[in-house]
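Per chain, numbering begins at 1; letters A, B, ... match sequence-line order. Bear in mind that the values here come from a model prediction, so they are computed numbers and not experimental data.
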Amino acid sequence: MIKQVAGLQLLMMLMILTSLIHGRLHANQFAYVFPPNISLQIVDQIEEAGKIRLTAIIESRLGTLENLEIFFESSKDLQILSNASVIKAVPQASPRKVKILAVKTGQQPDEMGSWLKMGVRFSPDYQAIKAAVNDKQIYPDDFERQKLLKVVEKNLSENARYLEAVRHFVNR
Amino acid sequence: MFKRLLLLTLLAIFPVCFAPAALAAETTIVTSYTAITAFGPASNMQQNVPEGEKVVLSADGQNAYRVKTIKVTDETHLMRLMGATTENELTDLQKGLLETYRFARQAEFDTLKPRIPGQTKTIDLNLVDITGYTDTSRYTKITDDFWPQNSRTYRRSGDSFSLHSEIRISGTDCLGHGSNTAKSMKSTFAHEFGHALDKTFTETNAYGHDGAHYINEKIEPKASFAEGFANFIKMLFFPEEEKEFRDSLKTVKIERPQGGYDEYPIASVQINGEGFLDIEAINALIFTRLAADLPDGEKLVLDSFEKHNQQENRMSRFLQNFIKDYPQHTTVVAQTLDRETFGRLSDADIRLILGNNTAIQAYLATRSVPNVTPPAPQPEEKYQVITHKNGTIYKWKDAQGNWQFTDQPPSAGVEYTTRGSTATPGKASPVKVENPDTDPFIIGY
C-alpha cells in the first residue's frame, strides 16, 4: 500500500514536471533604467579599542550633484560620533572622502546585525540626466526613452531631491 | 421579544457583514525583507557565511552577494530592518519598499485575493533592499540579479501539489526615478500580483531570443494573454496607465529569431487574424475596456477569468468563454475586439476568434469599420522599418535617399555610420531552486 502511494506520488511528480518544463519560462518586461547619479562606497574599516573608523567615498556619476546632506544611522550596539554635514557640490570626477568614527555601546546588535549607514540627500544634475537619456545610441527605443524623459521632467518640475545610502555591516 | 428580534437580526446580517472579511482573511501576503550584507568574489562570499545569511550568485558568473532575510511583522518593524527610525531617512528605493508593503495590505486587494488559484492561499512578498548597490556602473548585474518577478512554485500540500507565488520587489526596474520610485514599484507589484491570479503556462521561448518583452511586442499567444491580464490587474489600480498602453501601439515590434527587433507602424504591420492577440498591450486593453464599458464589468471579467482559469489560457478562448457566460454582452465583446485591433480583423477572423454563433453573425451583418485610427507614429517613422539589436547597427542612406538601419554594413562605396550596443534591458535572473524537496519547480515572469 505504501509503495503504491509512493509510486502514485512519483507519477504525479513526473506528470507535473513534464508539463512545467514545457511551460517553464522566465521573462521580464523591458524597461530602460536611468544611468546612476551617485556612487557611495565604504572602502576600509579599522577597528581598535572599541572604536571603528571607516572611510566613505562619495562620487558623482553624472554631472554635478548639489546640496548634499549627509547623515548617519547605526544599529544599537554602535554610536556614530561623526556629525551630519552638508557638501555644496560634488562634480563628476571629484570624489569626496568622509571619515566616520563609531564606538561600541555595549548593547546587542539588532536583527540585521551590527551596521552603520550613511545617507545622502542631494539634488541630481537634471540637465545631465536629460542629456544622457536623450542619447539615442544608448536608449534607441523612442517610446521607452520618452517614458524616462517624462519621469525626469516630473522630478525636475518638483525640484525633487534624491536620497541614496550605503549600509556597512561590520565584521564581514 | 425585542432581544430575540435583535438576536435574529444580528444572526441574519452576520454572514453578510463578515463573510467577505473571512474570505479575505483566508488569503494572506507574507512579507519578508532581504538586505544585501556583502558583495565580492563568489569564492570569498561562500566561505564562513554568517548564520542566517545566504549566498546569491551574480549573473556575472564571478561575484556573489550575501543576503539576510527576515519576516516582516509590521510597518515599524520594516522601517527598523531598513535601518531607519522615520520615513524621512529612507532612500527612494526603501520608500518604495515601504509603500509596496502598505499597498499590498490595502483593502482593494482583499477582493482579488480569494481569486488566487489553488489551496494555499498565501503569497510570499519578498522586499529586496539593494541600498548601497544602485551604482550600475560598479555593480553591473544588480538589475539582472534582483529584477522584480513572480516566481511560481509547485509545493506539496498534503497529498497534492499546489501553485504558490513568490513576488520579489526590489526597485531595480525604477533606479533613478527619484520621487516617482514608490509609485513605479507599486505598479510593478500590481502587475506581479496579476500573475499570481493566473494559471497560464506560457510557451517555451514565448518571449523570443532576448527573453524580455515589450508591451507592444508580438510574442506567443499564451504569454501575451498572461502579460495582458497582469497589466489589466495593474490598470485596475493605476487606470492612468491605459494611455501608455494605447500610445505604445503606434508601432509593433517583432523580434527576429536570432535577436534584434523590426518595428512597424501598426497600420502596416504584417500580422493576420488572431496574431493581433499576441500583443500584450492589445490584450490588456481588451480586458480593461470590457471591465470599464460593461455594467459591473470588472466583476464579470474577473468572474469569467476565474471560472475558466487554466494552463491553456489565451485571449480567443477567454472571449469565447466570456460570451458563453454572458451572451447578452456579445455585441460589446465584438465591438471591443474590433476596436482594439483597429478594424484590421476580417469577418472570418472575428468568427474564428469569437465563435460562429447567431449573435456574432448579427454583429457582422451590421459591422462597419470601427471609428478607430491607430495612433500615428512619428513622421520620420511613417514608412520606415526601424531596426535595432544588440551589437553594431549600421545607419546609411539607400539610393532613394531613405535612411536604413541594418546589422550588416551596406554594399561597398556607401557611406555609413555605426551605433554601439543598446542599453542593456533587465533580463531574467536565473532562478535558483533553493530547496528541491519543497520547491521543485519555479516559473518566473
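Judged by distance alone, the side chain of B:E203 and the main-chain N or O of B:K222 form a donor-acceptor pair under 3.5 Å. Between the side chain of B:N44 and the backbone N or O of B:G40, no donor-acceptor pair lies under 3.5 Å. Looking at A:R145, its side chain does come within 3.5 Å of a backbone N or O of A:Y139 through a donor-acceptor pair. Remark: the backbone N or O of A:G63 is not paired with any side-chain donor or acceptor of A:D125 at under 3.5 angstrom. Looking only at distances, a side-chain donor or acceptor of B:R168 sits under 3.5 Å from a matching main-chain atom of B:W147. With hydrogens and angles ignored, the 3.5 Å screen pairs a side-chain donor or acceptor of B:T188 with a backbone N or O of B:S184. Remark: side-chain polar atoms of B:Y214 are not paired, donor with acceptor, to backbone N or O of B:S248 under 3.5 angstrom. At least one donor-acceptor pair under 3.5 Å links the side chain of A:D141 to the backbone N or O of A:E144. Judged by distance alone, the side chain of B:E192 and the main-chain N or O of B:N150 form a donor-acceptor pair under 3.5 Å.
Only the side chain of B:Q94 comes within less than 4.5 Å of a heavy atom in chain A; its backbone stays farther off. Heavy atoms closer than 4.5 Å to chain A are found in the side chain of B:Y33, but not in its backbone. Looking at B:I219, there are no atoms closer than 4.5 Å to chain A (heavy atoms on both sides), in backbone or side chain. Using a 4.5 Å cut-off between heavy atoms, A:L148 contacts chain B through its side chain alone, with no backbone atom that close. For a residue to count as touching a neighbouring chain, one of its non-hydrogen atoms must lie under 4.5 Å from one of that chain's; by this rule B:D247 touches chain A with backbone and side chain alike. Using a 4.5 Å cut-off between heavy atoms, B:L93 makes no contact with chain A at all. Looking at B:M45, neither its backbone nor its side chain comes within 4.5 Å of chain A, counting heavy atoms on both sides. Contact of B:N88 with chain A is made through backbone and side chain together, with heavy-atom distances under 4.5 Å. Both the backbone and the side chain of B:E244 have a heavy atom closer than 4.5 Å to some heavy atom of chain A.
Between the side chains of B:H195 and B:Q149, not a single donor N or O lies within less than 3.5 Å of an accepting N or O. Between the side chains of B:T85 and B:E89, at least one donor N or O lies within less than 3.5 Å of an accepting N or O. In this model, no donor atom of one side chain and acceptor atom of the other lie less than 3.5 Å apart for B:D92 and B:H177.
When all heavy atoms of A:S39 and B:R138 are compared, the closest pair comes out as OG-NH1, 2.8 Å.
For residues 72-108 of chain A, the interface with chain B (any heavy-atom pair closer than 4.5 Å) comprises A:E73, sorted by residue number. Residues of residues 150-167 of chain A lying under 4.5 angstrom from chain B, judged on non-hydrogen atoms, are A:V151, A:K154, A:N155, A:E158, A:A160, A:R161, A:Y162, A:L163, A:E164, A:A165, A:V166, A:R167 in numerical order.
Put simply, of B:T172, B:N216, B:I70, B:T181, the one with the most heavy-atom pairs under 4.5 Å next to chain A is B:I70. No other option in B:L81, B:T136, B:N180 has as many heavy-atom pairs under 4.5 Å with chain A as B:L81.
Between A:W115 and A:D110, some side-chain heavy-atom pair lies under the 4.5 Å cut-off.
Residues A:F30 and B:H213 keep their aromatic ring centres 6.0 Å or farther apart.
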